[in-house]
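Only heavy atoms go into these numbers, but all of them, side chains included; no hydrogens, no water, no symmetry mates. Everything quoted here is computed from the prediction, not taken from an experiment. Heads up: numbering here begins at 1 and tracks the sequence.
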Amino acid sequence: MKIEKISSNRSFGGWHHRFTHTSAVLNCQMTFAIFLPPQVEAGANVPVLYWLSGLTCTDENFMQKAGAQKLAAELGIAIVCPDTSPRGEGVPDDAQGGWDFGLGAGFYVNATQAPWAVNYQMYDYVVTELPELIEANFPVTSKRAVSGHSMGGHGALVVGLRNPERYASISAFSPITNPINVPWGEKALGHYLGANIDSWKAYDACELVSKATQHLPILIDQGDADSFLAEQLTPQALTVAAAKAGYPLTLRMQSGYDHSYYFIASFVDDHLRFHAEYLNR
């Protein structure tokens with residue numbers, strides 16, 4: 001559980017920190033960021049929003065571009081942002097040089113296939129190892145929410161739906177909702193999990209919603225000008241699955257918005273307020 005600080009920056013009365021640590025789950029050094037709101041300095045323990053970023057991102061993208069710290073400081077919510085995959089010497093990458101698989105593209109699954117299985121255990125890292133690390137080293141409560149963007153939106157939906165007892169709420173921006181049926185998902189899950197498509201279903205939000213016995217509140221924002229909307233994200237598949245299963249969720253289609261952090265920054269306050277409602281109950 002030893003962590004090493006990389007940097008600290010004062011932000012809206014709180015602190016943004018970056019740390020490295022040795023991950024026993026991923027068998028490499030990992031980096032994460034944490035924003036601690038000013039209530040911590042007054043002696044409070046605060047709930048945590050875990051943010052899972054998308055393809056090619058690191059812990060820095062959301063923290064630098066989303067503009068979430070101001071409202072998080074007001075609401076008294078910590079934000080934790082891990083990297084999107086294992087990294088370092090010896091960690092395998094896409095041999096073809098693709099950006100949608102391998103380094104920066106862990107897809108928040110537990111890989112079962114060689115050579116990926118040694119390092120690519122991002123599901124266990126996000127669900128178990130990282131929260132244990134955070135709760136052992138920082139003044140936070142065990143109240144957690146999860147959110148993310150694109151591949152990270154897929155991750156947020158999957159970890160929340162599979163672990164409703166661990167999270168108060170789920171949200172996502174432009175999530176990959178049905179990865180077993182879209183090119184990004186087919187490539188990643190095929191490599192990480194092998195050819196048996198039945199094994200992929202444990203990481204597909206549409207499949208998980210259809211079988212859920214507990215219902216967490218879910219908020220999804222999707223831009224209708226997103227270039228990945230029809231081929232990769234397919235939010236309509238999730239709404240159909242949820243309707244059939246009687247699983248309530250809110251999907252908001254936002255006119256003119258694309259896949260970028262301009263979109264995320266435009267609506268991130270709504271997501272923070274949404275999570276605060278359930279984290280503070």
Side-chain angles (χ1 to χ4, degrees), residues 1-42 44-73 76-93 99 102-108 118-142 144-152 155-156 159 261 264-265 268 272:
M1 288 292 182
K2 182 180 179 181
I3 60 176
E4 181 178 347
K5 186 180 290 187
I6 301 171
S7 63
S8 294
N9 299 93
R10 194 73 161 154
S11 181
F12 294 102
W15 286 94
H16 170 263
H17 304 291
R18 297 183 75 220
F19 290 89
T20 62
H21 72 103
T22 300
S23 169
V25 169
L26 302 177
N27 291 298
C28 67
Q29 285 291 116
M30 288 295 287
T31 300
F32 69 87
I34 182 168
F35 171 72
L36 293 171
Q39 290 83 351
V40 165
E41 292 188 354
N45 287 2
V46 296
V48 182
L49 173 63
Y50 288 86
W51 173 269
L52 307 182
S53 291
L55 292 165
T56 75
C57 291
T58 68
D59 66 286
E60 295 184 282
N61 296 72
F62 178 81
M63 291 300 203
Q64 292 183 3
K65 296 180 179 180
Q69 289 90 341
K70 182 177 182 180
L71 186 57
I77 296 173
I79 302 173
V80 171
C81 187
D83 203 347
T84 52
S85 80
R87 297 183 195 265
E89 186 176 352
V91 176
D93 194 9
W99 55 269
L103 297 183
F107 266 82
Y108 305 101
V118 173
N119 303 106
Y120 286 79
Q121 303 292 313
M122 285 296 293
Y123 175 85
D124 279 353
Y125 179 70
V126 167
V127 173
T128 304
E129 187 178 37
L130 182 61
E132 289 179 354
L133 185 75
I134 297 301
E135 289 165 22
N137 286 279
F138 300 99
V140 300
T141 71
S142 60
R144 313 175 195 95
V146 62
S147 186
H149 173 232
S150 193
M151 176 187 72
V159 302
Y261 266 83
I264 295 170
V268 71
L272 289 168

With sequence neighbours excluded, what pairs up with S53 under the side chain to side chain donor-acceptor pair (under 3.5 Å) test? W51
Looking at OG1 of T20 and NZ of K5, how far apart are the two atoms once the value is rounded to the nearest 0.5 Å? 12.0 Å
For T141 versus P47, what's the shortest heavy-atom pair and its separation? OG1-CA, 3.5 Å
Sequence neighbours left out, what pairs pass side-chain hydrogen bond (donor to acceptor under 3.5 Å, both in side chains) with at least one residue falling in residues 80-91? D83-R87
Stepwise, does the side-chain contact (heavy atoms from CB on, under 4.5 Å) test hold for V48 with I79? CA-CA 6 Å; V48 182; I79 302 173; over 6 Å; no
Can you list the residues that meet the salt bridge (charged side-chain N to carboxylate O under 4.0 Å, His left out) rule with E4, with sequence neighbours excluded? none
So which atom in A105 and which in L55 form the shortest heavy-atom distance, rounded to 0.1 Å? CB-CD2, 3.4 Å
What orientation do F19 and F138 show, parallel under 30°, tilted 30 to 60°, or perpendicular over 60°? perpendicular
Sequence neighbours left out, what pairs pass salt bridge (Lys or Arg N to Asp or Glu O under 4.0 Å) with at least one residue falling in residues 19-38? none
Holding to side chain to side chain contact (heavy atoms under 4.5 Å, CB included), I want the full list of residues that pass it with P92, two or more places apart in sequence or in another chain. P115, W116, N119, Y120
Atom of A156, atom of S147 and distance for their closest heavy-atom approach: CB-C, 3.6 Å
Would you call P131 and Y50 a side-chain contact if the rule is heavy atoms closer than 4.5 Å? yes
The test is side-chain contact (heavy atoms from CB on, under 4.5 Å); show your working for L49 and V146 and say whether it passes. CA-CA 6 Å; L49 173 63; V146 62; 5.6 Å; no
Not counting sequence neighbours, list each pair that qualifies as a salt bridge (Lys or Arg N to Asp or Glu O under 4.0 Å) and has a residue in residues 26-42. R10-E41
With sequence neighbours left out, the residues meeting side chain to side chain donor-acceptor pair (under 3.5 Å) with D124 are N110
Taking side chain to side chain contact (heavy atoms under 4.5 Å, CB included) as the definition, give me every residue that meets it alongside A66, ordered by chain and number, with sequence neighbours left out. F62, Y261, I264
Donor-acceptor contact present, side-chain N61 to main-chain T58, <3.5 Å: yes
Side chain Q39, main chain A73, donor-acceptor under 3.5 Å: yes
Measure across A78 and V46 and return the closest heavy-atom pair with its distance rounded to 0.1 Å. CB-CG2, 3.9 Å
For Y108 and M151, run side-chain contact (heavy atoms from CB on, under 4.5 Å): C-alpha distance rounded to whole Å, both residues' side-chain angles, the deciding distance at 0.1 Å, then the answer. CA-CA 8 Å; Y108 305 101; M151 176 187 72; 3.9 Å; yes
Any side-chain hydrogen bond (donor to acceptor under 3.5 Å, both in side chains) involving residues 22-32? Give me the pairs, sequence neighbours left out, ordered by first then second residue. T22-Q29, S23-E129
Inter-residue atom distance H17.NE2 - F35.CZ, 0.5 Å rounding: 9.5 Å
Where G13 and P38 come nearest, the two heavy atoms and their spacing: O-CB, 3.3 Å
Test log, rule side chain to side chain donor-acceptor pair (under 3.5 Å), inputs S11 and H16: CA-CA 6 Å; S11 181; H16 170 263; over 6 Å; no
Trace of the side-chain contact (heavy atoms from CB on, under 4.5 Å) decision for L130 with F32: CA-CA 9 Å; L130 182 61; F32 69 87; 4.1 Å; yes
Hits for salt bridge (charged side-chain N to carboxylate O under 4.0 Å, His left out) against R18, two or more places apart or cross-chain, chain-then-number order -> D59, E60
For a quick test of reading the model, state the closest non-hydrogen atom pair linking V268 to A68 and the distance between them. CG2-CB, 4.1 Å
Who pairs with K2 by side chain to side chain contact (heavy atoms under 4.5 Å, CB included), at least two apart in sequence or on another chain? none
For T128, check side chain to side chain contact (heavy atoms under 4.5 Å, CB included) against everything at least two apart and list the hits. E132
Separation of S150 OG from L52 CG (nearest 0.5 Å): 12.0 Å
